[in-house]
Amino acid sequence: MYWNKSCECMPREKLLELQLERLKGMVNRIYHDVPFYRNKFQEAGLVPEDVQTLSDLQKLPFTTKVDLRDNYPYGLFAVPLEKIVRIHASSGTTGKPTVVGYTRKDITTWSEIMARSLVAAGADSHSVVQNAYGYGLFTGGLGVHYGAEMLGASIVPISGGNTDKQIMIMKDFGTTVLTCTPSYAIYLGDALEKKGIDPASLKLKTGVFGAEPWSDNMRKEIEKKLKIKAHDIYGLSEIMGPSVAIECDAQDGLHIWEDHFIPEIIDPVTLKVLPYGEQGELVITTITKEGIPLLRYRTRDVTSIIAEPCACGRTHLRIRRLQGRTDDMLIIRGVNVFPTQIESVLLELGEVEPHYQLIVRRDGSLDTLEIKVELSEEMFSDKISNLEKLEKRIGLRIHSTIGINAKIAFVEPGSLPRSEGKSQRVVDLRKI
């Protein structure tokens, strides 16, 4: 199914022509309307006319989250404030939040690509969408909300938390589509099990999960716990919010809507553009946003681009599931470690719960990694000898995957912190 087949299945040649036309317009706009970008161009000896091909994008400067914070709150807006109809902001966990503004046209664009994304994940106008993303300054809740309304689905704006009510609504309202973070989807699955509710008795069919990296093995766990098909969605408030990219039913990478965004993959050290298929940092240029268009925004998300055609018929490039972030990636004894690598091993082996925590310490000059893992109820009551064998098996697999040894510490079921939003998987106790 498609929401906008003419755009989603546009021939590549036509799509690239559209991108170039929109890129030229966007570069001209930011040069004349955003002093920050005009200064950047002048420092680099560039003018808008230097962009004549899509490959010329590589000549242009990057934008970072620091740039947004340095221009807080409205310094990167390309239109007067009276044309901004909505303002969102990041959580601001370090320093001031990053602020983004949307014109009326931006809201319509966002709604349209969110409707595309929901349809790609199996929703339609008959769907009942239970939206458990947070509403407020965070873009997640309202992004899904407006897209579902444009689609004509019935949206239930319950927001995050209040798990008992979430389950009641699933049952009573006949929810068919669940949208939330993947960690909260696991949390809901556990809650259903504790209440003795068989997910198969619900009308749930599909889920759209994002806002944090998650592994394919966690997808399998969610699908088993909720009896649904779980789709990965990608977005970030600086670019648009949820709907920048989505998995279709093929579940083979996330289609990035290239009529609105141009993706690149760069080496985060050399800043050189990498060829399709190579893993690096995702960089996105917005080519239709009016309120705060961003040029070559460094997302810090680690992925690669899939250029091969998708079985679904959509022609837009895909990105692979996120492997983590370049700025929250752990470096332990010179080795890059992503929590999702650990998660994938634990879920693949089974016998433990999908709840874990990485504890990093510095013992003298040596970094150590401890992985706290919740046992399943069955394994918790097992023999010590069997637990020792499981601990050794997990340790060997972790070493094989990340290249360093880790201490495996089993903890009892339900003892690790739970989250109704993004999970805090890492506790870094090093004083570096």
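- A tilted orientation is assigned to the rings of Tyr74 and Phe77, their planes being inclined by 30° to 60°.
- Sequence neighbours left out, the pairs with a member in residues 18-41 that pass ring-ring contact (aromatic ring centres under 6.0 Å, His included) are Tyr31-Phe41.
- The side chain to side chain contact (heavy atoms under 4.5 Å, CB included) test with Phe261 is passed by exactly one of Gln19, His316, Met240: Met240.
- Rounded to the nearest 0.5 angstrom, Leu76 CG and Ile30 CD1 are separated by 9.5 Å.
- Side-chain N or O atoms of Glu221 include none that pairs as donor or acceptor with a backbone N or O of Pro354 at under 3.5 Å.
- Taking CG of Leu330 as the reference point, atom CZ of Phe338 lies at 9.0 Å (rounded to 0.5 Å).
- Atoms CZ and OG1, from Arg86 and Thr139 in turn, are 9.5 Å apart once rounded to the nearest 0.5 Å.
- Although no hydrogens or angles enter the test, the distance criterion places no donor-acceptor pair under 3.5 Å between the side chain of Glu247 and the main chain of Leu254.
- Residues satisfying the salt bridge (Lys or Arg N to Asp or Glu O under 4.0 Å) test with Lys171, not counting sequence neighbours, are none.
- Donor-acceptor pairing under 3.5 Å is lacking for the side chains of Ser237 and His88.
- With sequence neighbours excluded, no residue satisfies side chain to side chain donor-acceptor pair (under 3.5 Å) with Thr285.
- Applying the 6.0 Å contact sphere to CD of Gln42 captures more than 12 heavy atoms from other residues, nucleotides or ligands.
- Proximity of a side-chain donor or acceptor of Gln166 to a complementary backbone N or O of Ser159 within less than 3.5 Å is detected.
- Between Asp367 and Arg361 no salt bridge is recorded (no basic side-chain N to carboxylate O distance below 4.0 Å).
- For Tyr146, there are no ring pair (Phe, Tyr, Trp, His ring centres under 6.0 Å) partners two or more places apart in sequence or in a different chain.
- Glu8 places no side-chain N or O within 3.5 Å of a backbone atom of Thr315 that could act as its donor or acceptor partner.
- Among residues at least two apart or in separate chains, salt bridge (Lys or Arg N to Asp or Glu O under 4.0 Å) pairs with a member in residues 236-245 are Lys65-Glu238.
- The backbone N or O of Leu295 lies less than 3.5 Å from a partner atom in the side chain of Thr63, making a donor-acceptor pair.
- With hydrogens and angles left out, the side-chain atoms of Gln279 and Gln323 include no donor and acceptor closer than 3.5 Å.
- With sequence neighbours excluded, the residues that form a salt bridge (Lys or Arg N to Asp or Glu O under 4.0 Å) with Asp232 are Arg321.
- Listed for the Asn131 side chain is a donor-acceptor partner under 3.5 Å among the backbone atoms of Gly141.
- Side chain of Glu281 to main chain of Ile266: no donor-acceptor pair is present (N/O by atom type, distance under 3.5 Å, no hydrogens or angles).
- Applying the salt bridge (Lys or Arg N to Asp or Glu O under 4.0 Å) test to every pair with at least one member in residues 72-84, sequence neighbours left out, gives no pairs at all.
- Using a 4.5 Å heavy-atom threshold, the side chains of Val283 and Thr299 count as separate.
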Worked verdict on Ile394 versus Val352 for side-chain contact (heavy atoms from CB on, under 4.5 Å): CA-CA 10 Å; Ile394 292 175; Val352 294; 4.2 Å; yes
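- Atom CD1 of Ile292 sits about 12.0 Å away from atom OG1 of Thr103, to the nearest 0.5 Å.
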Start with the C-alpha gap between Leu23 and Leu54, add the side-chain angles, then the distance that decides, and say whether side-chain contact (heavy atoms from CB on, under 4.5 Å) holds. CA-CA 8 Å; Leu23 175 63; Leu54 286 174; 4.1 Å; yes
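- Ionic pairing of Glu258 and Arg12 is present here: one or more N-O contacts between side-chain nitrogen and carboxylate oxygen are shorter than 4.0 angstrom.
- In the model, Ser111 has no side-chain atom that pairs as donor or acceptor with a side-chain atom of Glu149 under 3.5 Å.
- At least one donor-acceptor pair closer than 3.5 Å links the side chain of Trp110 to the backbone N or O of Pro242.
- Residues Val411 and Val373 fail the side-chain proximity criterion, which asks for heavy atoms closer than 4.5 Å.
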Using a 3.5 Å cut-off and no angle test, enumerate the donor-acceptor pairs between side-chain atoms of residues 302-313 and protein atoms at least two apart in sequence or in another chain.
residue	atom	partner	partner atom	Å
Thr303	OG1	Arg320	N	3.1
Thr303	OG1	Arg320	O	2.6

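- Inspection of the Gln341 and Thr401 side chains reveals no N or O donor paired with an N or O acceptor under 3.5 Å.
- Sorted by first and then second residue, the pairs that involve residues 49-61 and meet salt bridge (Lys or Arg N to Asp or Glu O under 4.0 Å), not counting sequence neighbours, are Asp56-Lys59.
- Among all heavy-atom pairs drawn from Ala200 and Lys227, the shortest one is N-CG, 4.0 Å.
- Legend: residues meeting side chain to side chain donor-acceptor pair (under 3.5 Å) with Gln357, ordered by chain and number and at least two apart, are absent.
- The environment of Arg104 atom CZ is sparse: at most 12 non-hydrogen atoms of other residues, nucleotides or ligands sit within 6.0 angstrom.
- From Arg314, atom CZ reaches atom CD1 of Ile246 across 9.5 Å, with rounding to the nearest 0.5 Å.
- Classification of Glu112 and Lys105 as a salt-bridged pair fails, no side-chain N sitting under 4.0 Å from a carboxylate O.
- The distance from the CD1 atom of Ile287 to the CD1 atom of Ile262 is 4.5 Å, given to the nearest 0.5 Å.
- Thr181 contributes a side-chain N or O that, together with a main-chain N or O of Tyr184, makes up a donor-acceptor pair within less than 3.5 Å.
- Ser243 and Tyr234 are not linked by any side-chain donor-acceptor pair at a separation below 3.5 angstrom, with hydrogens and angles left out of the test.
- For the pair Lys372 and Tyr356, the minimum side-chain heavy-atom distance is 4.5 Å or more.
- The cationic atom of Arg116 (NZ for Lys, CZ for Arg) does not lie both less than 6.0 Å from the six-membered ring centre of Tyr2 and within 45° of the ring axis.
- Within the 6.0 Å centre-distance limit, the rings of Tyr135 and His145 are counted as a close aromatic pair.
- Here the side chain of Thr206 pairs no donor or acceptor atom with the backbone of Gly122 at under 3.5 angstrom.
- In this view, Arg296 and Glu264 satisfy the salt bridge (Lys or Arg N to Asp or Glu O under 4.0 Å) rule, not counting sequence neighbours.
- Cation-pi geometry between Lys225 and Tyr187 is not satisfied (NZ or CZ under 6.0 Å from the ring centre, within 45° of the ring normal).
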Could you please spell out the steps behind the side-chain contact (heavy atoms from CB on, under 4.5 Å) verdict for Lys407 and Ile371? CA-CA 6 Å; Lys407 177 185 177 183; Ile371 305 174; over 6 Å; no
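- A donor-acceptor contact closer than 3.5 angstrom is absent between the side chains of Thr109 and Asp106.
- Residues passing the salt bridge (Lys or Arg N to Asp or Glu O under 4.0 Å) test with Asp252 are Arg318, sequence neighbours excluded.
- In the model, Trp3 has no side-chain atom that pairs as donor or acceptor with a side-chain atom of Ser117 under 3.5 Å.
- Atom NZ of Lys205 is surrounded by 12 or fewer heavy atoms from other residues, nucleotides or ligands within 6.0 Å.
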